[in-house]
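Attaching a single structure in structure tokens format; questions to follow.
In listed order, ligands and their atoms are each counted from 1. Values below: every heavy atom of this structure, side chains too, minus hydrogens, waters and symmetry copies.
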Amino acid sequence: MATHNLLLLPGDGIGPEVMAEVERLIAFLSKKSRAEFRIETDLCGGAAIDKHGVPLADETLAKARKADAIVFGSVGGPKWDKVKYENRPEAGLLKLRKELDLFANLRPAICYPALAEASSLRREHIEGLDILILRELTGGTYFGEPKEIVTLEDGQKRAVDTTVYTTREIERIVRVAFDLARKRSKKVHSAEKRNVMKTGVLWNEVTTAVHKKEGQDIELHHILADACAMQLVRNPKQFDVIVCDNLFGDMLSDQAAMLTGSIGMLPSAALGAPDPATGKSKALYEPVHGSAPDIAGQGIANPIAEIASFGMALRYSCDMVKEADLIDKAIANTLARGLRTGDIMQPNMRKVSTSEMGRAIVEDMEKLVA
Ligand code: NAD
């Protein structure tokens, strides 16, 4: 039986509450002898500031480097609002992404049939929706230099952000897109703005070249990022994998995600390059939501985003695709049975707590494997 080394970083606010439901799932999978998990749990964000004075201690980073996957909760909250900017809770997460070079951000947008009514689009457009936005996470407009605001001679200010991409950065994210598409429907849309941006021209050229050389089994479409935003609302089911740069990915993934309902439902993954020796990538899995200080400590947070993030860890880091599918099925079944946390509550449904939702999902998995 394979052994997987997981580092759990629950963080702050509702992070530990939703992580408890992942621990319940790990206990279930271990009991069923589906795999052996070696678990370490550590502090990150505000909780780490309280204990170590920094949002990510060196020893935690060392554990993260060794782990097969990091399962992350959420960080931040008003308690740490006055902490120095470089030391704020979120800096712990950013440091993890940077130190492990987690350049590929996977954001699935899946519409569970039971929640189709919660979308702002009509049911026929989103029922059965299952798309994956792949965002380049460590380059582009958010990191390019110069990045500054300068005061001009006449007293006006001038702000500059710089969008930079190299061939290598584009090649490696496109390869990830093709690899992911091979496990899905083998269709990739590459979104850029080649009509007005030089980075768009290079993005398009490099994507075409990688496709020609290594991706002939993939159906590749080039689409302008603004047209992609429009098509996501007009006919989202035409897409499967969408790959794009950091800035467009930020926008498109939020847009795609909200087609499917609440922020409490959305998982994500950030992957690094595969190790040439082992083929394994560094990886961090986390819900899209934050620490939700407004509901923390009440036991009412929706644990599905965290549970689905753990499902992604099984799929992409642990080679446990069957178990990942099982989790997705159990989430769908539990919602179909009418269980709802407050954020996704609908008329005539049964309102449940964080732990009741987590327990119901595990009970459904029990039935599915019986
Ligand atoms: P948030 O995602 O924490 O909350 C936004 C709204 O969604 C709130 O009303 C919250 O109650 C609700 N919500 C979020 N997750 C939910 C869940 N699982 N179940 C039910 N309702 C849920 O975003 P925010 O309020 O802008 O930020 C709060 C704190 O979290 C800030 O300190 C922010 O910096 C931090 N944050 C952290 C991360 C991260 O750790 N990756 C991401 C975003 C925000």
For S74, the ligand 1 atoms whose distance to one of its heavy atoms is below 4.0 Å: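 By the 4.0 Å cutoff, the relevant atoms are 40 (O).
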Any idea which part of V75 is under 4.0 Å from ligand 1, heavy-atom wise: side chain, backbone, both or neither?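 It is both backbone and side chain that touch ligand 1.
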Protein heavy atom at shortest distance from atom 16 (C) of ligand 1: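 Here the closest protein heavy atom is I14 CD1, 3.9 Å.
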Using a 4.0 Å cut-off to any heavy atom of G76, which atoms of ligand 1 qualify?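 Contacts of ligand 1 toward G76, numbered from 1: 32 (O).
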Does this structure show an ion pair linking K79 with D12, if we count only N-O contacts that are shorter than 4.0 Å?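 No, K79 and D12 are not salt-bridged.
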Least distance between heavy atoms, P89 atom then G46 atom: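 Heavy atoms only, the tightest pair is CB-N, 3.6 Å.
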Check whether any side-chain heavy atom of V233 sits under 4.5 Å from a side-chain heavy atom of L121, and report yes or no.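 Yes. Closest side-chain heavy atoms under 4.5 Å.
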Under 4.0 Å from any heavy atom of E286, which atoms of ligand 1 are there?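 This gives 41 (N) as the contact atoms.
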If I compare all heavy atoms of M365 with all of A330, which pair ends up nearest, and what's the gap?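 Looking at all heavy atoms of both residues, the shortest contact is CG-CB, 3.5 Å.
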With heavy atoms only and a cut-off of under 4.0 Å, state how E90 meets ligand 1: side chain, backbone, both or neither.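 E90 to ligand 1: side-chain contact only, backbone stays beyond 4.0 Å.
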Pi-cation contact, Y85 with R88 (under 6.0 Å, within 45°):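 Satisfied, under 6.0 Å and within 45°.
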Among protein heavy atoms, which sits nearest to atom 9 (O) of ligand 1, and what does the distance come to when rounded to 0.1 Å?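 Nearest protein contact, heavy atoms only, for atom 9 (O) of ligand 1 is D294 OD2, 2.9 Å.
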Any protein heavy atom at under 4.0 Å, with atom 6 (C) of ligand 1 as the reference point?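 Neighbour list for atom 6 (C) of ligand 1 is empty of protein heavy atoms (cut-off 4.0 Å).
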Those atoms of ligand 1 less than 4.0 Å from some heavy atom in G77: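 Once the distances to G77 are compared, the set is 32 (O).
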If you count the atoms of ligand 1 from 1 in the order shown, which ones are under 4.0 Å from a heavy atom of L93?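 In order of number, 41 (N).
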Does the side chain of N87 pick up a donor-acceptor pair with the side chain of W80 at under 3.5 Å?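 Short answer, no.
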Would you please say whether a donor-acceptor pair under 3.5 Å links the side chains of Q231 and Q238?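 Judged by distance alone, the side chains do pair up.
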Please classify the T341 to ligand 1 contact at 4.0 Å (heavy-atom distances, strictly less than): side chain, backbone, both or neither.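 Within the 4.0 Å criterion, T341 makes no contact with ligand 1.
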Which residue from G290, P293, G342 reaches closest to atom 43 (C) of ligand 1 through any of its heavy atoms?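 Nearest option to atom 43 (C) of ligand 1, by heavy atoms: G290.
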Return the residue, atom name and 0.1 Å-rounded distance of the protein heavy atom closest to atom 22 (C) of ligand 1.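 Heavy-atom neighbour on the protein nearest atom 22 (C) of ligand 1: I295 CD1, 4.0 Å.
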Applying a heavy-atom cut-off of 4.0 Å, say which part of V18 lies close to ligand 1: side chain, backbone, both or neither.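 None of V18 does.
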Can you list the ligand 1 atoms lying under 4.0 Å from a non-hydrogen atom of A301?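 By the 4.0 Å cutoff, the relevant atoms are 19 (N).
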Starting from atom 3 (O) of ligand 1, which protein heavy atom do you reach first, and at what distance in Å?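 I find the closest protein heavy atom is A292 N, 2.8 Å.
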So L314 and L29, do their side chains get closer than 4.5 Å, heavy atoms only?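 Side chain of L29 against side chain of L314, heavy atoms only: contact under 4.5 Å found.
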Using a 6.0 Å cut-off, check whether atom CG of L152 has over 12 heavy atoms from anything other than its own residue.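 For L152, atom CG is crowded (more than 12 foreign heavy atoms under 6.0 Å).
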Closest approach of any protein heavy atom to atom 17 (C) of ligand 1, naming residue and atom: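 That would be N302 N, 3.7 Å.
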